[in-house]
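The next block holds one structure in the form of C-alpha cells; read it before the comments.
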Amino acid sequence: MSLQAPRGTRDILAPESARLRALVDAFATAAELGGYGQVHSPMFEQIEVFQRVGEATDIVSKEMYQFRDPGDRHLALRPELTASLARAFVQHRPALPWKAWYEGPQFRYEKPQAGRFRQFNQVGAELFGSDDPQADVDVIALAWRFCTGLGLGQLRLVVNSLGDRADREAYLAALAAYFEERAGELSAQGRETLSRNPLRLLDSKRPADRAVTSGAPDIEDYWSPAAAEHFAAVLAGLEALGIPFERNPRLVRGLDYYRRTAFELASDALDGAQDAVGGGGRYDGLVADLGGPDVPGVGFALGVDRLLLACDAEGTFPAPPGAAEVFVVDVTGGRQASLLAEELRRAGIRVERAFDGRSMKAQMKAADRSGARWALLVGADELAGGVVSLRRMRGHEAAEAPESVQSRIPRGGVVEELARLLAEGAAEGSGS
RNA sequence: UUGACCGUAGCUCAGUUGGUUAGAGCGCCGGGUUGUGGUCCCGGAGGUCGGGGGUUCAAAUCCCCUCGGUCCGCCCA
C-alpha cells in the first residue's frame, strides 16, 4: 500500500465506469434534446475567474487547489463550472440565447466523506442571455427530466428566490442586524458563520442556531415587485409542466452569485448530510462581473457521484451489460482465436477469448463467466475439417439434446451465422 | 482546523485475558483420465495483520505518531 490515489480521489474501474459513462450519455441526450450544446472548458483557469465570482464562498475562499505554473501564472483547478462557462461566454460572445451543457471533474479541497470527494464529477447546463422566467423553467425542466429518466423517484425539488441585487443586499443587512442582536444566543461556530456570511446561517443544522434562525426576517418581504413577479412566473411554469416542487424561503445556495431563482434537488433516498444531488439558479450580473456585457444567465449542476448513490439507494439505473456476445475457445494454440475474434470484432460483434494456452475446461469456464451467449470452439478436428463448433451457452437445461446445443458450421460462414443469431436474440430480447 | 469509530488474503469478515507455522466464506488457479461451462468433490496459490516507533521473554492484540476510510459538525455535489 505504498502508493495510492491521493486522499479524496479514487479510481473508477470497469463495471462502475461504464455506468458513469452511461449516466453522462443520458444527460447528453436530455440536454441536446433541449437544444443545449456541449462545451469543453479547461480543468484550470486563471484564479481570478473564480475569485471574482465569490470571495465569500467557501469553495473559493478556502477550498481551491491553486498553483503557479512554470510561467508564474496564478492558476486554480476549477472548483465549479458556472464561472468557467461565464468566462467562455465573455471570451467568445456566442449568439443569444446561448445554451450550453458540460460534464467533467471539479476539484475542492475538503474533508472527504461518503459522496464527497476532492475530485468529483458533475453534469450541468447553463442558459445565457435571457431573463425570461421560462428560461428558468427550461433549465429546471431539463434537470428534472433527466433525473426522473434515471428512475429516481424520491427526489425533491426545492425552490426559492433570493430577489434582485438590491433586494438581496437589503435583506442581508436586515439579516445581519437581526443576528447581531442575538449573537449571544448563537453557537461559537454560528457567530463565525455570521461574520463571514449571514446568509449561510439560515442553512445551519445546529439546534442552538436553529432557534435563532426560525425568527429571522423572511426574504419574501424584501423582494422587489419585479423579482416577485419573476418568481411567480417560474412557479407557474413548473406547475404547467407538472413538475412538483416545494418552496423553502430558507434555501440559500453556497455560491454568492445567485439572484432571483435558486433551487436544489435533494434525494430522500440518501441519508446523512449529503442528500443534495444538485442545484442551481439564476446569476444575472455574473457575466458583467467577469468583464462581459450585462447578460443574464440561469443554470444548474448535478453531482454525478451523488446521483449514482441515489440510484443505488433506489435500485435503479444499473450498470449496462458489458458482457461479451461471443467467446472463442481455441485449444490449438490461440492463433485461431485471434483470427476469429478479429473477424467478428470487425463485424461489430463483442468477442472475448482466452490467452496462455489454457485447457478447454478452463476456457469453457472463462466463456461462461464472460456472459457470452455463444461459444465458438476450435480444436484439432475443427481445424482439420475447416469448421468450428458453435455452442449455445445460456438458457438451456443440461438435459437438452446435445445436438440442439452444439453444432458444427463452416469456418467461412461464422460471421454471417453469428450476426444472424445475435439479431434473432436481440429481437426476442426486446419482445419480452 | 477539532471530535468519534474503524483499517487482518482480491472481496466480506473471524482471531478468546498479549502466547507456537494468522483462519473461514466467496473469488482466483489446477485436478476429478480420451477435447466441453454453469452443480458437486479434491487440491493449490495468495497476507510487510495500513505504515513507523515504543512497552514486553513474547504484539494482529497494549501505548504514541502517521496514512487512509466512515460518521458527526461545517459545507456542499
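Note that these values count all heavy atoms, side chains included, but never hydrogens, waters or copies made by symmetry. A note on names: the letters A, B, ... follow the listed sequences, proteins ahead of strands, and every chain is numbered from 1.
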Hey, does A:Glu80 reach any base, or is it just sugar-phosphate, or nothing, if we go heavy atoms under 4.0 Å? nothing

Classify the side chain of A:Arg391 and the base of B:G37 as holding, or not holding, a donor-acceptor pair under 3.5 Å. yes

Once you apply a heavy-atom cut-off of 4.0 Å, does A:Arg78 come out as touching a base, just sugar-phosphate, or nothing? nothing

Under 4.0 angstrom, heavy atoms only, what part of the nucleic acid is A:Val277 near: base, sugar-phosphate, or nothing? sugar-phosphate

Under-3.5 Å donor-acceptor pair between A:Arg108 side chain and B:C76 base: no

For A:Trp101 and A:Glu32, does a side-chain donor sit closer than 3.5 Å to a side-chain acceptor? yes

Take the angle between the ring planes of A:Phe44 and A:Phe67 and call it parallel below 30°, perpendicular above 60°, tilted in between. perpendicular

Proximity to the side chain of A:Gln4 - top-ranked nucleotide from B:G68, B:G35, B:C74: B:G68

Just wondering, are more than 12 heavy atoms of other shown residues or ligands nearer than 6.0 Å to CZ in A:Arg21? no

Can you check the distance between B:C63 and B:G18, where both ends of the measurement are the P atom (answer in whole Å)? 11 Å

If I take atom CG in residue A:Leu309 and atom C1' in nucleotide B:A77, what distance separates them, rounded to the nearest angstrom? 11 Å

Hey, does A:Ala366 reach any base, or is it just sugar-phosphate, or nothing, if we go heavy atoms under 4.0 Å? nothing

Of B:U36, B:C71, B:C75, the nucleotide closest to the side chain of A:Gln113 is B:C71

Scan A:Arg358 against the nucleic acid and name what it touches under 4.0 Å (heavy atoms): base, sugar-phosphate only, or nothing. sugar-phosphate

Which part of the nucleic acid, if any, lies within reach of A:Gly115 when heavy atoms closer than 4.0 Å are counted: base, sugar-phosphate only, or nothing? base

Comparing A:Phe120 and A:Gly8 on RNA chain B - which has the more 5′ nearest nucleotide: A:Gly8

Please state how far atom CZ in A:Arg306 lies from atom C1' in B:A77, giving the value in whole angstrom units. 4 Å

Measure CG/A:Leu376 against C1'/B:G37 and give the value in whole Å, please. 15 Å

Write down the distance separating the C1' atoms in B:A14 and B:A22, rounded off to the nearest Å. 11 Å

Of the listed nucleotides (B:G31, B:G35, B:A77), which one gets closest to any side-chain atom of A:Lys361? B:G31

Parallel, tilted or perpendicular: which describes the rings of A:Tyr257 and A:Tyr283, with under 30° parallel and over 60° perpendicular? perpendicular

Does this structure show an ion pair linking A:Asp284 with A:Arg282, if we count only N-O contacts that are shorter than 4.0 Å? yes

Separation of the C1' atoms in B:U36 and B:A45, to the nearest angstrom: 26 Å

Which residue lies toward the 5' end of RNA chain B, A:Ala5 or A:Ala372, if each is placed at its nearest nucleotide? A:Ala372

If I take atom CE in residue A:Met360 and atom P in nucleotide B:G35, what distance separates them, rounded to the nearest angstrom? 9 Å

Do A:Leu150 and A:Thr316 come within less than 4.5 Å of each other through their side chains, counting heavy atoms only? no

In whole Å, I'd like the distance from the CD atom of A:Glu63 to the P atom of B:C76. 8 Å

Rounded to whole angstroms, how far apart are CD on A:Gln363 and P on B:C29? 12 Å

Taking atom P of B:A77 as reference, at what distance in whole Å does atom CZ of A:Phe263 sit? 11 Å

Under a 3.5 Å cut-off for both contacts, is B:C13 paired Watson-Crick or G-U wobble with anything, and if yes, with which nucleotide? B:G23

Of B:G37, B:C75, B:C76, the nucleotide closest to the side chain of A:Asp368 is B:G37

Out of B:G35, B:C29, B:G69, which has the shortest distance to the side chain of A:Arg369? B:C29

A:Arg118 CZ to B:A77 C1': how many Å, rounded? 16 Å

Say you pick atom C1' in B:G15 and the same atom in B:C57; how far apart are they, in whole Å? 23 Å

For A:Arg10, is there an ion pair with A:Glu16 - N to carboxylate O distance below 4.0 angstrom? no

Across all strands shown, which nucleotide pairs with B:A59 by Watson-Crick or G-U wobble geometry, both distances under 3.5 Å? none

If the P atom of B:G30 is compared with that of B:G69, how far apart are they to the nearest Å? 36 Å

Considering only heavy side-chain atoms of A:Asp381, the closest of B:A77, B:G35, B:C75 is B:G35

Under 3.5 Å, is there an N or O donor on one side and an acceptor on the other linking the side chain of A:Gln406 and the base of B:U36? yes

With the side chain of A:Lys111 defined as its heavy atoms from C-beta on, choose the nearest nucleotide among B:G35, B:U2, B:G32. B:U2

Considering every strand and a 4.0 Å limit on heavy-atom distances, what is the contact class for A:Leu307: base, sugar-phosphate, or nothing? nothing

What's the gap between B:G27 and B:G44 when it is taken at their C1' atoms, as a whole Å value? 14 Å

Is there a donor and acceptor pair, one atom on the side chain of A:Glu382 and one on the base of B:G35, closer than 3.5 Å? yes

Kindly indicate whether a cation-pi arrangement holds for A:Arg260 with A:Phe231, taking the cut-offs as under 6.0 Å to the six-membered ring centre and within 45° of the axis. no

Sticking with atom P, work out how far B:U8 lies from B:G51, rounded to a whole angstrom. 10 Å

Base, sugar-phosphate or nothing for A:Ala114? Non-hydrogen atoms, less than 4.0 Å. sugar-phosphate

Can you tell me how far C1' in B:G25 sits from the matching atom in B:G32, rounded to whole Å? 23 Å

From B:G69, B:C76, B:G37, pick the nucleotide closest to the side chain of A:Arg7? B:G69

